[in-house]
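As the structure is a prediction and not an experimental result, all values here were calculated from the model. Within every chain, numbering begins at 1; the chains are lettered A, B, ... in the order of the sequence lines, protein sequences first and strands thereafter.
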Amino acid sequence: MSSEIITPAEAGGAAVLDSKTPGKWAQLWIDIKKNKVSYYFLAPFLLLFAIFTIVPIIMSVVLSFSYYNIIETPKFIGFSNYKLLFVDDDIFLKAVGITLKFAVITGPVGYILAFLLAWLISQIPQKYRFFYTLCFYLPSITSAVAMSVVWLYFFAGDRKGLLNHWLIQLGILNEPYLFLQNVDSIVPVIIIVSLWMSMGVGFLAFLAGLQNVPGDLYEAGSIDGVKYRWQQLWFITIPSVKPQLLFGAVMQVVSSLTVFDVSMRLVGFPSPLYAGHTIMAHLFDYAFTRFEMGYASAIAVLLFFLMFGMNRLIFRVLGRD
Amino acid sequence: MHKLKLRRLDYGGVLLYLFLTAFGLFMLLPLIYMAVTALKPTSELFMFPPRFFVVNPTLVNFRDLLLITGTSAVPFSRFIFNSIIVTGGIVAGGVVISAMAAYPLAKHHMPFKSFIFNMIVAALMFSPLVLQIPQYLLISRSGLMNTYWAMILPYLAAPMGMFLMTQFLRQLPDALLEAARIDGASEWKVFWIVVMPMLKPAISTFALFSFISAWNDPYPSMVYTTVQEMKTLPLAIQTISGGVGVVARVGTLAAASFLMIIPTILVFIITQRMVLQTMAHSGLKE
């Protein structure tokens, strides 16, 4: 960690100069000692962060090159976990497809919906905003586990299911449709429920950011000929809340790539013909039901890179000033 | 936005309210349905045609919840107790640890400051779920399985808390800190007497987020416990339902789910004003 800042050349130079003036290394050490109180404050966080985040990342990468079933000691097997994943594991490839299909729809749709709703709410007077914020935010703070009682009933496959009942009454369906067992409807159902739950942290960030756009920007805009609301939105509002947009996007990527709860509660685990099997479900399956930790670690590492790659992409698109 | 307040009745304004109200209520429907189901007597639960609202509300489901599980090995109250201990530990510990980390990162100048900050922000960009396997190995090897520590420790160093608090603290003036230092207060004292009160909005916000995720997360209990007595609410509710597609005990399940959702709603209502104040500083920049 500590070698990040000082290059070897400088370090070498420092060693030579050390006799007279304090070199870079020595200067750094003096600085560190002078600020030791700051590090004491950081210590508990960094210690826990190292143990439960940094060490696990390293362990995941190392384990992903091994065969490890918890009982025997890990056996180094090179890249064969990754080879197995991409070449022979049809279910994994299917899970990647489902996760991406899901992420490509819920990610952008949930993100844009969250921004538009926050924008609409910011158009109304302050005193009425809380009610609407509550309406849209509440679903995201309910747990998938607790809400499954409602959704299971709503999408139930017999005539007593609410949706089936309505569709039959309206004459759209003749007989009940098995929403939760039918391979074609499983992903759409998960998407609908996830969208319902998607007005989370990002939504709050947008809402707060929009409230704090300085009013004189709009005045300046109207002098420059910004007439319509959509023009204000596009030329003034969006640029001023860019940092919040970036934060919201990062949160959205994380949540849409790790969908598992909703899928597991609604369509079961494993789901019929693996139709609701996401990467996270596959990881969980190998790690905690089959205890093939090496293989599961390889999945985790891939998911990790997927999230990181997506976030870099988002930074490239949204991060420019 | 203040310049754009809807002063007179225009079509756009009416439409906006209509749309927001309709969509808002639509979003609330499943939650209303859950509350209503928890109050339905058995005769109404399986009625055909299905009915949305309850006709004869009853509290029998809540009584059943306590009785059914009362006869099994572990009473339902034990799960509530576990959830409160674990969530309370994560929220309280997380707040103090994150605030302690945020203070030097926002207000001190020392080597590696931006490196540490950037490293932790990078951790915001992936789900802690991908670290579950090594964390499980660490916990099981250290003999912490089936303890409250196993469900609390891995979640204490939350990047989100450190991030929100640092961003919030950065925009607060240094004058107060200087004043306290001139009066001879130690850094530790400055932290508790000056920084912590200033951080209140950010603390409430992080407390809300950390409460919601800890309260709703079934994984720690699923992975780090093997005995019934140590399970937390989300996992216990799965046990009551008996798995996917089992309709038995729908009413009891709704009652349990209802009890589980109420605290999160209350915490949000209490903290919401502070939350919006904090989230205004949540932006990320490259």
Side-chain angles (χ1 to χ4, degrees), chain A residues 4 28 31-32 35 37-38 41-42 44-45 48-49 52-53 56 59-60 120 122-123 125 132 135-136 138-139 141-143 145-147 149-150 160 162 165 201 204-205 207-209 212-213 215 218 243-244 246-247 250 254 258 268 280 287-288 293 296-297 300 303-304 307-308 311 315 319, chain B residues 1-5 16 20 24 27-28 30-31 33-34 48-50 97-98 100-101 103-104 108 110-111 115 123-127 129-131 133-135 154 156-157 162 187 209 212 216 218 223 234 237-238 244 253-254 257 260-261 264-265 268 272 275-276 279-280 282-286:
Chain A
E4 287 289 321
L28 183 69
D31 267 1
I32 288 176
N35 289 295
V37 180
S38 310
F41 274 103
L42 272 167
F45 190 97
L48 286 166
F49 187 75
F52 291 106
T53 303
M59 266 171 87
S60 271
L120 289 178
S122 73
Q123 304 287 309
Y132 295 105
C135 286
F136 298 120
L138 278 193
I141 61 177
T142 59
S143 79
V145 174
M147 287 313 291
V149 61
V150 172
K160 288 179 179 171
L162 214 52
H165 176 72
V201 179
L204 290 182
L207 209 55
N212 290 324
V213 177
Y218 293 104
Q244 273 81 20
L246 201 54
F247 175 73
V250 167
V254 170
T258 47
M280 202 57 222
F288 300 109
M293 293 297 179
S297 294
L303 195 56
F304 181 82
M307 282 190 255
F308 231 84
N311 274 313
F315 264 81
Chain B
M1 266 323 91
H2 311 289
K3 306 292 163 206
L4 268 174
K5 267 186 194 165
L16 177 63
L20 279 178
M27 293 286 276
L28 280 187
L31 287 167
Y33 182 74
M34 141 152 322
F48 189 83
I97 289 172
S98 298
M100 277 175 65
Y103 172 46
H108 290 177
M110 76 281 193
F115 172 70
L124 267 183
M125 296 181 198
F126 58 85
S127 164
L129 282 176
V130 298
L131 304 176
I133 298 160
Q135 282 180 354
L156 282 182
M162 193 282 319
E187 282 298 297
F209 294 155
I212 291 166
N216 288 337
V223 174
I237 285 178
Q238 291 189 5
V244 172
L253 183 59
S257 306
M260 198 179 145
I261 284 173
T264 57
I265 296 177
F268 176 63
Q272 56 93 14
V275 169
L276 286 181
M279 294 310 282
S282 66
L284 267 177
K285 277 187 192 143
E286 186 144 50

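Both the backbone and the side chain of A:Phe136 come within contact range of chain B, with heavy atoms under 4.5 Å apart. Residue contact with chain A, scored on non-hydrogen atoms closer than 4.5 Å, involves the side chain of B:Gln272 exclusively. If you measure heavy-atom distances from B:Phe126 to chain A, the contacts under 4.5 Å come from both the backbone and the side chain. Both the backbone and the side chain of A:Phe49 have a heavy atom closer than 4.5 Å to some heavy atom of chain B. Contacts of B:Pro218 with chain A are made by side-chain atoms alone, with heavy-atom separations under 4.5 Å and no backbone atom involved. At a 4.5 Å heavy-atom cutoff, the contact between B:Ile212 and chain A is made by side-chain atoms alone.
Taken from OG1 in B:Thr264 to CD1 in A:Ile141, the straight-line distance is 4.5 Å, to the nearest 0.5 Å. Annotation: the span from B:Ile97 atom CD1 to A:Leu42 atom CG amounts to 12.0 Å, rounded to 0.5 Å. How far CD of A:Gln123 is from CG of B:Leu16: 7.0 Å, rounded to the nearest 0.5 Å. The CE atom of B:Met110 lies 10.0 Å from the CD1 atom of A:Ile32; values are rounded to the nearest 0.5 Å. In this structure, CD1 on B:Ile265 lies 8.0 Å from OG1 on A:Thr142, to the nearest 0.5 angstrom. Atom CE of A:Met307 sits about 12.5 Å away from atom CE of B:Met125, to the nearest 0.5 Å.
At least one side-chain heavy atom of B:Met34 sits less than 4.5 Å from a side-chain heavy atom of A:Val149. Between A:Phe52 and B:Leu131 the shortest side-chain heavy-atom distance does not fall below 4.5 Å. A:Met147 has its side chain within reach of B:Leu31: a pair of non-hydrogen atoms, C-beta onward, lies under 4.5 Å apart. Side-chain contact between A:Phe315 and B:Leu284 is present, with at least one heavy-atom pair separated by less than 4.5 Å.
A perpendicular orientation is assigned to the rings of A:Phe41 and B:His108, their planes being inclined by more than 60° (bins at 30° and 60°).
For the set B:Pro154, B:Ala123, B:Gly24, the count of heavy-atom pairs under 4.5 angstrom toward chain A peaks at B:Pro154. Counting heavy-atom pairs closer than 4.5 Å to chain B, the top residue among A:Pro56, A:Ala300, A:Ala287 is A:Pro56. Heavy-atom pairs under 4.5 Å with chain B were tallied for A:Leu138, A:Leu303, A:Val37; the largest tally goes to A:Leu138.
For the residue pair A:Ser60 and B:Pro134, the shortest heavy atom distance occurs at OG-CG, 3.3 Å. Pairing each heavy atom of B:Pro234 with each of A:Val145, the nearest pair is O-CG1, 3.3 Å. Nearest approach of B:Pro30 to A:Val150, heavy atoms of both residues: O-CG2, 3.6 Å.
The main-chain N or O of B:Ala280 is never found under 3.5 Å from a side-chain atom of A:Asn212 such that the two would form a donor-acceptor pair.
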